Amino acid sequence: MVTPQGLDVRPTSDMAKEAIFSSIQYEIENSEMLDLFAGSGQMGVEALSRGAKTVTFIDSDPKAIAAVKTNLKNCGFMEKSRVALMDSIAYIKNCSAKFDIAFLDPPYGKNLIDEALPFVAQTIKPYGVIICETEKREEPPAQAGDFEIKKEYRYGKVKVTVYRRKGE
């Protein structure tokens, strides 16, 4: 995987990535996924390699989007992908698409999860899931729309928070 250089791009650790995909393994096949704040796109590429139907990659950094496109081409997944160079918050505020899975991994310490999550919740299909990666000390909102925290995992300096609809 090609990864752009810089402090705002931190590829998800292999341990965290494996745990995330193990927790949603039965939901990936034929799913439509959003990789918001995509960075290198490794989470979306992993979803495609596990059978996701499509992944939409959004990032505001041209170097990140170039890395996403290179990684998709190298893996043969361009035809199953939508890639957009734009602000993730602007994208999600105006998004009419619907997703089964959303993965958010914004730059740490900027409260972007708090800003994006209510809008992401509006784009998730019934029985969908939202997964957020944050710095371990960050406290993402307890709920967003009709989604609430179902699980939290810690891996070194990282926290992964899984949201599902209330009652699921």
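Residues: numbered from 1 along the sequence shown. Predicted model only: the values in this text are computed from it and were never measured.
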Which distance, rounded to the nearest 0.5 Å, do you find between the [atom1] of [X] and the [atom2] of [Y]?
| X | Y | atom1 | atom2 | answer |
| --- | --- | --- | --- | --- |
| F99 | D35 | CZ | CG | 10.5 Å |
| C132 | L112 | SG | CG | 11.5 Å |
| R137 | R154 | CZ | CZ | 11.5 Å |
| I58 | R82 | CD1 | CZ | 9.5 Å |
| E115 | S88 | CD | OG | 10.5 Å |
| I28 | I24 | CD1 | CD1 | 4.0 Å |

Could you report the tightest heavy-atom contact between [X] and [Y], atom names first, then the distance?
| X | Y | answer |
| --- | --- | --- |
| D59 | A38 | OD2-N, 3.2 Å |
| P140 | I113 | CB-CG2, 4.0 Å |
| A121 | A144 | CB-O, 3.6 Å |
| I149 | P141 | CD1-O, 3.6 Å |

State, with a plain yes or no, whether a side-chain heavy atom of [X] is found less than 4.5 Å away from one of [Y].
| X | Y | result |
| --- | --- | --- |
| K69 | F57 | no |
| F103 | I20 | yes |
| Y108 | E133 | yes |
| Y153 | V162 | yes |
| L117 | Y163 | yes |
| K151 | R164 | no |
| L36 | F119 | no |
| L34 | I92 | yes |

Are [Y] and [X] linked, directly or through intermediate hydrophobic residues, by side-chain heavy-atom contacts shorter than 4.5 Å (ILVMFWY only)?
| X | Y | answer |
| --- | --- | --- |
| I89 | L85 | no |
| F147 | I131 | no |
| Y91 | V83 | no |
| V45 | M78 | yes |
| L104 | I124 | yes |

Answer yes or no: is there a donor N or O on one side and an acceptor on the other, between the side chain of [X] and the main chain of [Y], under 3.5 Å?
| X | Y | value |
| --- | --- | --- |
| N111 | D114 | no |
| D146 | K166 | no |
| S49 | E46 | yes |
| K159 | E152 | no |

**Request:** Check the surroundings of atom NZ in K150: do more than 12 heavy atoms from other residues, nucleotides or ligands lie under 6.0 Å from it?
**Result:**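 More than 12 heavy atoms, drawn from other residues, nucleotides or ligands, come within 6.0 Å of this atom.
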**Message:** Tell me whether K136 at atom NZ has more than 12 heavy atoms from other residues, nucleotides or ligands lying less than 6.0 Å away.
**Reply:**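 Counting neighbours around NZ of K136, 12 or fewer heavy atoms of other residues, nucleotides or ligands fall under 6.0 Å, so no.
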**Request:** Check step by step if salt bridge (Lys or Arg N to Asp or Glu O under 4.0 Å) holds for D100 and K125.
**Result:** CA-CA 5 Å; D100 300 293; K125 296 177 187 177; 3.6 Å; yes
**Request:** Run through V55, L48, V129 and flag the one making a side chain to side chain contact (heavy atoms under 4.5 Å, CB included) with M33.
**Result:**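 That would be V55.
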